[in-house]
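Every chain is numbered from 1 and lettered A, B, ... according to where its sequence line falls, protein lines coming before strand lines. Heavy-atom basis, side chains included; hydrogens, waters and symmetry copies ignored.
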2 protein chains.
Amino acid sequence: MPHRQQRANGVVSRDAILDAAAKIAGERGYDGTSIKLVSDLSGLPASSIYWHFANKDDLLAAVIDRSFKAWSTALDQAEPAPADATNEERMVHGLRQECVRVMTHPDFLRLGLMLLLERRPVEAAARRRFHDSRMEIHNRVTVGYARMFPALTPPQVRQLVRLTFASVDGLFIAAISEPELDLTAEFEVLGLAIVSAARSLTARNLAAAPS
Amino acid sequence: MPHRQQRANGVVSRDAILDAAAKIAGERGYDGTSIKLVSDLSGLPASSIYWHFANKDDLLAAVIDRSFKAWSTALDQAEPAPADATNEERMVHGLRQECVRVMTHPDFLRLGLMLLLERRPVEAAARRRFHDSRMEIHNRVTVGYARMFPALTPPQVRQLVRLTFASVDGLFIAAISEPELDLTAEFEVLGLAIVSAARSLTARNLAAAPS
DNA sequence: GCGCTCCTGTAGTGACTGCTCCATGAGAGA
DNA sequence: TCTCTCATGGAGCAGTCACTACAGGAGCGC
């Protein structure tokens with residue numbers, strides 16, 4: 001089958017629709033995102049929206065996809081910590097970058113968390129998309145933590161990773177509800193807390209099973 | 001003005017409406033909570049809902065209020081840590097109780113976080129209600145932390161409190177999206193992390209300004 | 001210019017939205 | 001039993017919901 005040709009006009013419209021949908025969904029949640037609102041904000045008629053996307057659920061899933069990609073390429077462009085950095089420096093370095101990343105591309109987390117909280121009976125495709133994307137990052141971070149804290153057991157590593165993700169989520173929500181909040185300081189303390197906890201767990205492990 | 005008499009029937013219906021609204025709002029968010037759905041689930045007609053509550057916003061605010069009260073009386077009934085407990089034991093003790101409390105009365109946090117994430121243009125009364133209720137607890141915890149870690153500066157105490165709240169929020173969301181997750185272990189690690197962080201900050205303070 | 005597909009505009013569908021009106025039933029105090 | 005208020009039932013308001021049918025303009029390869 002030949003490559004389906006596409007007008008320049010088309011991708012611009014598609015992006016405009018996604019922009020509008022991201023903004024509105026971030027403000028009002030899944031049910032609050034009406035096609036009429038997206039149509040008004042993007043300046044395109046409903047028929048265009050339904051030409052680009054199968055239905056509302058598909059539209060929201062596409063918003064998740066795009067925002068995840070934006071966030072993900074930002075992650076790939078993160079500058080690595082210096083080779084001689086300590087674990088604590090590495091952690092703080094990584095979290096500081098994540099702080100900037102999350103506040104620069106807030107749509108991914110915002111929308112995703114909203115979909116997680118809304119447990120509608122019929123599972124939305126958008127929600128599953130978020131969950132899968134996130135698992136990918138979760139695994140990456142788990143590998144990093146395991147290398148960073150070799151004395152921890154795999155369950156302990158998983159717990160630390162979950163705690164880190166949960167804290168980032170919570171701090172993100174706090175930043176949204178109180179815009180004047182300075183997140184960088186909070187992320188600094190979070191880094192300290194994680195590294196300290198890892199240190200305590202390591203000490204506990206060594207005390208329990210001395211070599 | 002005489003006390004407005006009330007039939008037993010009335011408060012039962014009111015509670016049934018609140019139950020239904022809490023369930024649906026927890027599943028579908030603010031916009032997803034339609035009067036029709038609440039009416040069907042509670043078995044009462046729309047006119048009854050509007051007899052008990054001024055409008056949809058007022059209904060949701062009442063849901064927040066009631067769930068906050070349930071959570072709050074659970075907080076008042078929390079058993080205190082033993083007098084000779086260490087800071088770490090106190091922290092773990094408190095967080096363990098909070099873990100049970102939050103999972104026993106999940107409506108308050110679930111609904112509240114959803115309202116925080118949904119930043120609809122017109123501020124909903126329900127959202128403000130949640131914010132105010134939460135500030136109350138926030139202040140209580142701040143006083144407790146200040147007593148527990150006297151060497152920390154007030155901004156450091158506030159940061160730790162915010163981090164604690166954020167982590168609890170994040171872990172709660174994680175528990176919702178993955179029901180098989182064992183929260184108690186996560187809360188244990190969180191307690192360790194907070195205490196460890198406080199210890200590191202204290203050491204840092206003492207090093208910077210030795211007496 | 002031609003033809004072909006991509007994309008947009010108009011006008012609608014039936015179902016549902018928050019909310020109101022008002023008649024009627026049910027209970028409690030007299 | 002009589003009243004009087006509390007509470008419910010049902011019908012219906014204008015407006016919006018997700019979504020569709022279809023005609024026609026716009027840009028492409030030729």
Sub-4.5 Å side-chain heavy-atom contact between [X] and [Y]:
| X | Y | answer |
| --- | --- | --- |
| A:Leu117 | B:Ile176 | yes |
| A:Glu79 | A:Gln97 | yes |
| B:Val168 | B:Leu190 | yes |
| A:Leu59 | A:Thr33 | no |
| B:Arg110 | B:Phe172 | yes |

Please list, pair by pair, any protein nitrogen or oxygen found under 3.5 Å from a nitrogen or oxygen in nucleotides 19-24 of chain C.
from, atom 1, to, atom 2, distance (Å)
C:dC19, OP2, B:Tyr50, OH, 2.8
C:dC19, OP2, B:Lys56, N, 2.9
C:dC19, O5', B:Tyr50, OH, 3.4

One thing to verify: whether B:Asp19 and B:Lys23 come together as a salt bridge, which I'm taking to mean a side-chain N less than 4.0 angstrom from a carboxylate O.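 B:Asp19 and B:Lys23: not salt-bridged.
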Verify, without hydrogens or angle tests, whether B:Arg127 (side chain) and B:Ala61 (backbone) share a donor-acceptor contact under 3.5 angstrom.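 No.
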In whole angstrom, give the distance that lies between atom [atom1] of [X] and atom [atom2] of [N].
| X | N | atom1 | atom2 | result |
| --- | --- | --- | --- | --- |
| B:Asp58 | C:dG18 | CG | P | 15 Å |
| A:Phe53 | C:dC6 | CZ | P | 16 Å |
| B:Leu37 | C:dG18 | CG | P | 8 Å |
| A:Asp31 | D:dT16 | CG | C1' | 13 Å |
| A:Leu59 | D:dC17 | CG | P | 14 Å |
| A:Lys36 | C:dG12 | NZ | P | 17 Å |
| B:Ile49 | D:dG9 | CD1 | C1' | 13 Å |
| A:Leu60 | D:dA18 | CG | C1' | 13 Å |

Does [N] have its OP1 or OP2 closer than 4.0 Å to a side-chain nitrogen or oxygen of [X]?
| X | N | value |
| --- | --- | --- |
| A:Ser13 | C:dC7 | no |
| B:Ser48 | D:dA7 | no |
| A:His52 | C:dC6 | no |

Shortest non-hydrogen contact between A:Arg14 and A:Phe53, atoms and distance: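 In this case the closest contact between A:Arg14 and A:Phe53 is NH1-CE2, 3.4 Å.
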For DNA chain D, please output the secondary structure as dot-bracket, reading 5' to 3'. Pairs are Watson-Crick or G-U wobble, both atom distances under 3.5 Å; mark crossing pairs with [ ], other-strand partners with |, unpaired with a dot. .||||.||||||||||||||||||||||||
Kindly write out the residues that satisfy side-chain contact (heavy atoms from CB on, under 4.5 Å) with B:Met91, not counting sequence neighbours, or none if the list is empty.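 So B:Met91 forms a side-chain contact (heavy atoms from CB on, under 4.5 Å) with B:Leu95, B:Tyr145, B:Met148, B:Phe149, B:Ile194, B:Val195.
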Just to be sure I understand the rule, does B:Ser39 reach a base, reach only the sugar-phosphate, or reach nothing, if contact means heavy atoms closer than 4.0 Å?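 Nothing, no nucleic acid heavy atom in range.
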Among the nucleotides C:dT17, D:dG9, C:dG9, which one has an atom lying closest to any side-chain atom of B:Leu44?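 Selected nucleotide (nearest to the side chain): D:dG9.
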